[in-house]
Trainee: 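This is the structure, below, for whatever I ask next.
Since the model is a prediction, treat every value here as computed from it, not as a measurement.
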Amino acid sequence: MTAARTRKAIAYDCDVVVVGGGIVGLATAHALRAARPGLVVTVLEKEPRLAAHQSGRNSGVIHSGVYYRPGSLKARFAVRGAAELKKFCAEHGIPHAVPGKLIVATSPAELPRLHELAQRARRNGVPVRELGQAQMAEHEPGVHGLAALRVLTTGQCDFGAVARRLAELVDVRRGARVVAIDRRPGLGVAVRTERGEVLRARAMVNCAGLHSDRIARLAGDDPGLRIVPFRGEFYRLRPERAHLVRGLVYPVPDPAFPFLGVHLTAGLDGEVHIGPNAVLALAREGYDWRTVRPAELADALTYPGLWRMAAHHWRAGAGELVRSLSKRAFTAAVRRLLPAITEADLLPAPAGVRAQAVLPDGSLADDFRIAEHPHTVHVLNAPSPAATACLPIGQEIAGRALAALA
């Protein structure tokens, strides 16, 4: 019997099964349905609610594409995704705004990097203006700095609301944790959930975020990296001090470190969030120091790539750890941008966890990473700005999944 006849004989439950119902997985399912109407697509989400992790635990910023290497997937998809996401929010009645943001240099050493960012932004097609102190003060009088970059297209939205709207447009099964994957060459995949349910599909897309490397290994594929969870801890300003920040204010990022640093975000709800710092989480979904999962922690600590990364970034990592354990140290970091702040002004706020792909040599994957294998497509690195870029990322992944059906 030929492979084509064998496929016809199999009773498939769907054409494509998407593992992971975060914003990227949902956008992928939506793109598959849009590209090929009639295609049967099922999304498996392990949590009982949507946007429980990275999609719902972020600053709500629609990034413009300033920071990313020209020509990279991050740069191209952030610029395109920001425009598409604003349009999607408008069409579906999801609250959003485009306040723009300031990237502020607080020391002379940061001025050359600020200018380089302006040049990179223009190469990426992002409109920016370089401001002096007086011009900067017109936008953010409470912020200290020597100069700033005004990014005009930076926006805000509720990414959890975007995820919920996307979920209304596709088939999502919640509480469906994947525990086994059986792939048969030429025949497709069978995915089994914790509840014993088995879905047979012609192809699988892995959008499992913090667990994407584990899902790849379940499918028999070597991801070539390890997901290391970094917790981002936030504070919020007391309501009576929220007037100190009008919009979005970021420091000049350290080019050797993958995180943007502590920044100020005046949200759509009027609250001002400050953060995050970045520390190794003790579980893949470890949103505080009390959440420890020994097997997941051992998975990180026994990975040589983590120790090579730590050897390279130990100084920055030590600073992040100190700011996590000491509110005074965190406040001191904030005061570089906002001098009027005191410890008493900062109230605890929910943390997030970033799924960072670390390569065996200790380097950090600095671009979105998508791998294709027979009947499977794995999204192995999709941290920020993945939420901003979810619609074009979904279209890219959908195209690769459709090719896997051929």
Trainee: Could you tell me if the side chain of Ile341 sits less than 4.5 Å from the side chain of Thr331, heavy atoms only?
Mentor: yes
Trainee: So for atom NZ, which belongs to Lys327, do other residues, nucleotides or ligands contribute more than 12 heavy atoms lying within a distance under 6.0 Å?
Mentor: yes
Trainee: Partners of Lys74 by side-chain hydrogen bond (donor to acceptor under 3.5 Å, both in side chains), sequence neighbours excluded?
Mentor: none
Trainee: With a 4.5 Å cut-off on side-chain heavy atoms, are Glu271 and Thr265 touching?
Mentor: no
Trainee: List the steps and the verdict of salt bridge (Lys or Arg N to Asp or Glu O under 4.0 Å) for Asp15 and Arg202.
Mentor: CA-CA 5 Å; Asp15 294 300; Arg202 296 165 60 201; 3.1 Å; yes
Trainee: Applying side-chain hydrogen bond (donor to acceptor under 3.5 Å, both in side chains), name anything that partners Arg184, two or more places apart in sequence or on another chain.
Mentor: Asp182
Trainee: Could you walk me through whether Glu320 and Arg323 pass the salt bridge (Lys or Arg N to Asp or Glu O under 4.0 Å) check?
Mentor: CA-CA 5 Å; Glu320 298 287 337; Arg323 286 188 286 276; 3.3 Å; yes
Trainee: Can you check side-chain hydrogen bond (donor to acceptor under 3.5 Å, both in side chains) on Arg336 and Thr106, steps first, answer last?
Mentor: CA-CA 7 Å; Arg336 292 182 59 214; Thr106 59; 2.8 Å; yes
Trainee: For Arg129, does the CZ atom sit with more than 12 other heavy atoms under 6.0 Å from it, leaving out its own atoms?
Mentor: no
Trainee: Would Arg400 and Glu372 count as a salt bridge (Lys or Arg N to Asp or Glu O under 4.0 Å) here? Give the steps.
Mentor: CA-CA 8 Å; Arg400 300 191 191 200; Glu372 299 161 75; 3.1 Å; yes
Trainee: Where the side chain of Asn206 meets the backbone of Ile215, is there a donor-acceptor pair that is under 3.5 Å apart?
Mentor: no
Trainee: Looking at side-chain heavy atoms only, is the closest gap between Thr42 and Leu199 below 4.5 Å?
Mentor: yes
Trainee: Please name all residues satisfying side-chain contact (heavy atoms from CB on, under 4.5 Å) with Ser55, sequence neighbours left out, ordered by chain then number.
Mentor: Ile23, Ala51
Trainee: For Asp269, what residues pass the side-chain hydrogen bond (donor to acceptor under 3.5 Å, both in side chains) criterion, not counting sequence neighbours?
Mentor: none
Trainee: Below 3.5 Å, can you tabulate the donor-acceptor pairs from side chains in residues 221-234 to any protein atom, sequence neighbours excluded?
Mentor:
{"unit_1": "Asp221", "atom_1": "OD1", "unit_2": "Arg183", "atom_2": "NH1", "d": "3.2"}
{"unit_1": "Asp221", "atom_1": "OD1", "unit_2": "Arg183", "atom_2": "NH2", "d": "2.6"}
{"unit_1": "Asp221", "atom_1": "OD2", "unit_2": "Arg183", "atom_2": "NH1", "d": "3.0"}
{"unit_1": "Asp221", "atom_1": "OD2", "unit_2": "Thr376", "atom_2": "OG1", "d": "3.1"}
{"unit_1": "Asp221", "atom_1": "OD2", "unit_2": "His378", "atom_2": "NE2", "d": "2.7"}
{"unit_1": "Asp222", "atom_1": "OD1", "unit_2": "Gly224", "atom_2": "N", "d": "2.9"}
{"unit_1": "Arg226", "atom_1": "NH1", "unit_2": "Asp299", "atom_2": "O", "d": "2.7"}
{"unit_1": "Arg226", "atom_1": "NH1", "unit_2": "Asp299", "atom_2": "OD1", "d": "3.2"}
{"unit_1": "Arg231", "atom_1": "NE", "unit_2": "Glu233", "atom_2": "OE2", "d": "3.0"}
{"unit_1": "Arg231", "atom_1": "NH1", "unit_2": "Gly286", "atom_2": "O", "d": "3.2"}
{"unit_1": "Arg231", "atom_1": "NH2", "unit_2": "Glu233", "atom_2": "OE2", "d": "3.2"}
{"unit_1": "Glu233", "atom_1": "OE1", "unit_2": "Asn277", "atom_2": "ND2", "d": "3.0"}
{"unit_1": "Glu233", "atom_1": "OE1", "unit_2": "Ser324", "atom_2": "OG", "d": "2.8"}
{"unit_1": "Glu233", "atom_1": "OE2", "unit_2": "Ser324", "atom_2": "OG", "d": "3.1"}

Trainee: Would you sort out whether Glu130 and Arg122 count as a salt bridge (Lys or Arg N to Asp or Glu O under 4.0 Å), showing the intermediate values?
Mentor: CA-CA 12 Å; Glu130 294 180 77; Arg122 293 177 180 121; 3.4 Å; yes
Trainee: Given the rule in the side chain to side chain contact (heavy atoms under 4.5 Å, CB included) test, do Leu50 and Glu47 qualify, once you have shown the distances and angles that lead to the verdict?
Mentor: CA-CA 7 Å; Leu50 294 169; Glu47 301 293 351; over 6 Å; no
Trainee: Just checking Arg150: does its CZ atom have more than 12 heavy atoms from other residues, nucleotides or ligands closer to it than 6.0 angstrom?
Mentor: yes
Trainee: Can you name the residues that form a salt bridge (charged side-chain N to carboxylate O under 4.0 Å, His left out) with Arg80, not counting sequence neighbours?
Mentor: Glu84
Trainee: Does NZ or CZ of Arg165 come closer than 6.0 Å to the centre of the six-membered ring of Phe88, within 45° of the ring's axis?
Mentor: no
Trainee: Can you sort out the partners of Asp367 under side-chain hydrogen bond (donor to acceptor under 3.5 Å, both in side chains), two or more places apart, ordered by chain and number?
Mentor: none
Trainee: When you compare the side chains of Glu168 and His30, does any donor N or O come within less than 3.5 Å of an acceptor on the partner?
Mentor: no
Trainee: State which residues pass ring-ring contact (aromatic ring centres under 6.0 Å, His included) with Tyr67; sequence neighbours excluded, sorted by chain then number.
Mentor: none
Trainee: How would you list, by chain and number, every residue that makes a salt bridge (charged side-chain N to carboxylate O under 4.0 Å, His left out) with Arg328, sequence neighbours excluded?
Mentor: Glu343
Trainee: If the condition is side-chain contact (heavy atoms from CB on, under 4.5 Å), which residues does Ala83 pass it with, not counting sequence neighbours?
Mentor: none
Trainee: Partners of Phe77 by ring-ring contact (aromatic ring centres under 6.0 Å, His included), sequence neighbours excluded?
Mentor: none
Trainee: Any side-chain heavy-atom pair from Gln156 and Pro99 closer than 4.5 angstrom?
Mentor: yes
Trainee: I want to check something: taking the side chain as every heavy atom from C-beta on, are Val377 and Met204 in contact at a cut-off of under 4.5 Å?
Mentor: no
Trainee: Please check if the side chain of Glu194 supplies one atom and the backbone of Val178 the other of a donor-acceptor pair under 3.5 Å.
Mentor: no
Trainee: Could you tell me whether a side-chain N or O of His375 sits under 3.5 Å from a main-chain N or O of Gly186, the two making a donor and an acceptor?
Mentor: yes
Trainee: Do Ile397 and Val205 have side-chain heavy atoms sitting under 4.5 Å apart?
Mentor: yes
Trainee: Which residues satisfy the ring-ring contact (aromatic ring centres under 6.0 Å, His included) test with His96, sequence neighbours excluded?
Mentor: none
